[in-house]
2 protein chains.
Amino acid sequence: MSLFSKTCEYALRAVFYIASKTADGSKVGIKEIARNVNSPEHFLGKILQDLSRKGILDSAKGPNGGFFLHPKSLKRPIADIVSAVDGDNVFTGCALGLAHCSERNPCPLHHEFKKIRNNIAKMLTATTIGQFNKELTLGKILLKEV
Amino acid sequence: MSLFSKTCEYALRAVFYIASKTADGSKVGIKEIARNVNSPEHFLGKILQDLSRKGILDSAKGPNGGFFLHPKSLKRPIADIVSAVDGDNVFTGCALGLAHCSERNPCPLHHEFKKIRNNIAKMLTATTIGQFNKELTLGKILLKEV
DNA sequence: ATAATAAAAGATATTTTTGTCTTTATTTTT
DNA sequence: AAAAATAAAGACAAAAATATCTTTTATTAT
Ligand code: FES
Ligand code: FES
């Protein structure tokens, strides 16, 4: 498996893209986003609509409309996106799928897994949505295969 | 999401259970396994048949038959189970779902994620199937909710 | 006002994952 | 040889995730 659902992967790639394209206050359309993060347009549309409802990004209809991020939003951790899309399983779930990860009734992998899960959480809360804008603009990092 | 598919979670829990019950050379039936790792019997049956075909565990039909593990198998890393069931995405996959995680064309999360993925791989190759037998027998760790 | 643009929403479809039920094959015990 | 036990296999079903297509609503520009 992967750390994130496919939906969440799309969401993260798209939000990174939007961040790097709208830091100057402009907007970007779903077609362009979908093309540049290599995701199905309408499916991604729903994902972004959902994130918009949840206040993670903003959108405007009509000509010159599109999705965009307020400067303030660029400071948010990507953990916000992950939990909005995938819930909190990645932050609190048991490695072996037990209903409640617990210190008192641990599964065999609990003690080792706990550390890994903490590292994941640390990474997701420490990295912000806007943190890669420069590198993305420079093409030093990518959101889709070349 | 979770680190492993549900199928893989069932597999790991079941193999741990089988390990702890057959270290003495006896065998254990699918009904008992399913009950003790809280998984759907027939579904788990297929999973174990598959692992059996792949040589990770063994089985015997007929009265007093069941699933069991050779002492040698107890030394194998649980990474073998994970890759047999879920493939190698957890060991090599990109955090953002790009087709090829790459050092030359990294995604935004690559550098941080690489470390985490290495820790996961390290844990999965370092822990063996039989390593928890004693604790399981003592009830200090669990394979299903109490 | 009208037309054009773009997101939002709705309906439907496909694929993958997860789960159930039934039958068959193999082995052991009697 | 017959009966019982047990895994293996096959067919089918339900649920969840992923994807597509169409219609509606809001906004802007003319
Ligand atoms: S109980 Fe399984 S990871 Fe904590
Ligand atoms: S390219 Fe994404 S994790 Fe390596």
Side-chain angles (χ1 to χ4, degrees), chain A residues 1-15 17-18 21-22 26-35 37-69 82 84-87 89-90 96-97 99, chain B residues 1-15 17-18 21-22 26-35 37-69 85-87 89 96-97:
Chain A
M1 290 286 277
S2 27
L3 204 51
F4 310 124
S5 69
K6 204 148 204 199
T7 302
C8 191
E9 291 171 353
Y10 290 153
L12 288 166
R13 304 211 303 261
V15 170
Y17 184 81
I18 298 169
K21 288 290 176 178
T22 67
S26 58
K27 295 164 196 142
V28 56
I30 184 67
K31 276 206 187 67
E32 178 184 339
I33 303 169
R35 199 174 342 109
V37 306
N38 193 36
S39 73
E41 179 184 328
H42 295 282
F43 186 52
L44 181 59
K46 310 231 155 174
I47 299 169
L48 296 185
Q49 283 155 31
D50 185 52
L51 291 180
S52 169
R53 261 181 254 111
K54 290 174 175 163
I56 288 174
L57 46 77
D58 279 272
S59 67
K61 291 183 180 180
N64 306 316
F67 293 93
F68 61 100
L69 284 159
V82 173
V85 176
D86 277 353
N89 194 274
V90 75
L96 295 189
Chain B
M1 291 284 279
S2 27
L3 204 51
F4 310 124
S5 69
K6 203 145 204 201
T7 302
C8 190
E9 291 170 354
Y10 289 153
L12 287 165
R13 304 210 304 261
V15 170
Y17 184 80
I18 298 168
K21 287 291 176 176
T22 68
S26 58
K27 296 164 196 140
V28 57
I30 183 67
K31 276 206 186 67
E32 179 185 340
I33 302 168
R35 200 174 342 107
V37 306
N38 194 37
S39 74
E41 179 185 328
H42 294 282
F43 188 52
L44 181 59
K46 311 227 156 179
I47 300 169
L48 296 184
Q49 282 154 33
D50 186 50
L51 291 180
S52 170
R53 262 181 254 112
K54 290 176 173 160
I56 289 173
L57 46 76
D58 280 271
S59 67
K61 292 182 178 180
N64 306 317
F67 293 93
F68 62 100
L69 284 158
V85 176
D86 276 353
N89 195 273
L96 294 188

Does B/S26 use its side chain to pair, donor to acceptor, with the backbone of B/K21 at less than 3.5 Å? yes

Between B/D86 (side chain only) and B/F4 (backbone N and O only), is there a donor and an acceptor less than 3.5 Å apart? no

How many Å lie between [atom1] on [X] and [atom2] on [N], as a whole number?
{"X": "A/Q49", "N": "C/dG10", "atom1": "CD", "atom2": "C1'", "result": "11 Å"}
{"X": "A/K6", "N": "C/dT17", "atom1": "NZ", "atom2": "C1'", "result": "14 Å"}
{"X": "B/M1", "N": "C/dT18", "atom1": "CE", "atom2": "C1'", "result": "13 Å"}

So do the side chains of B/Y10 and B/V37 get within less than 4.5 Å of each other, counting heavy atoms only? no

Flag the pair A/C8 / B/M1 as yes when at least one side-chain heavy-atom distance between them is below 4.5 Å, and no otherwise. no

May I ask you to say what B/G66 touches in the nucleic acid, namely base, sugar-phosphate or nothing, with a heavy-atom cut-off under 4.0 Å? sugar-phosphate

Salt bridge or not for B/K54 and B/D50, using N-O below 4.0 Å? yes

Does OP1 or OP2 of [N] have a side-chain N or O of [X] closer than 4.0 Å?
{"X": "A/S59", "N": "C/dA8", "value": "yes"}
{"X": "B/N64", "N": "C/dT29", "value": "yes"}
{"X": "A/R53", "N": "C/dA7", "value": "no"}

Starting at the 5' end of DNA chain D and moving along, which residue's nearest nucleotide shows up first, B/V28 or A/Y10? B/V28

If you take all heavy atoms of [X] and [Y], which pair is closest and at what distance?
{"X": "B/L48", "Y": "B/F67", "result": "CB-CE2, 3.6 Å"}
{"X": "A/K27", "Y": "A/T22", "result": "CA-CG2, 4.0 Å"}
{"X": "B/L69", "Y": "B/V15", "result": "CD1-O, 3.8 Å"}

Measure the spacing between CD of A/Q49 and CG of A/L51 and express it to the nearest 0.5 Å. 10.0 Å

Watson-Crick or G-U wobble partner of C/dT30, both distances under 3.5 Å: D/dA1

Does the protein touch nucleotides 20-26 of chain C at the base, only the backbone, or not at all? Give it as B, S and - per nucleotide, heavy atoms under 4.0 Å. BBB--BB

Contact boundaries of DNA chain D with chain A (under 4.0 Å, heavy atoms), 5' to 3'? D/dT18 to D/dA29

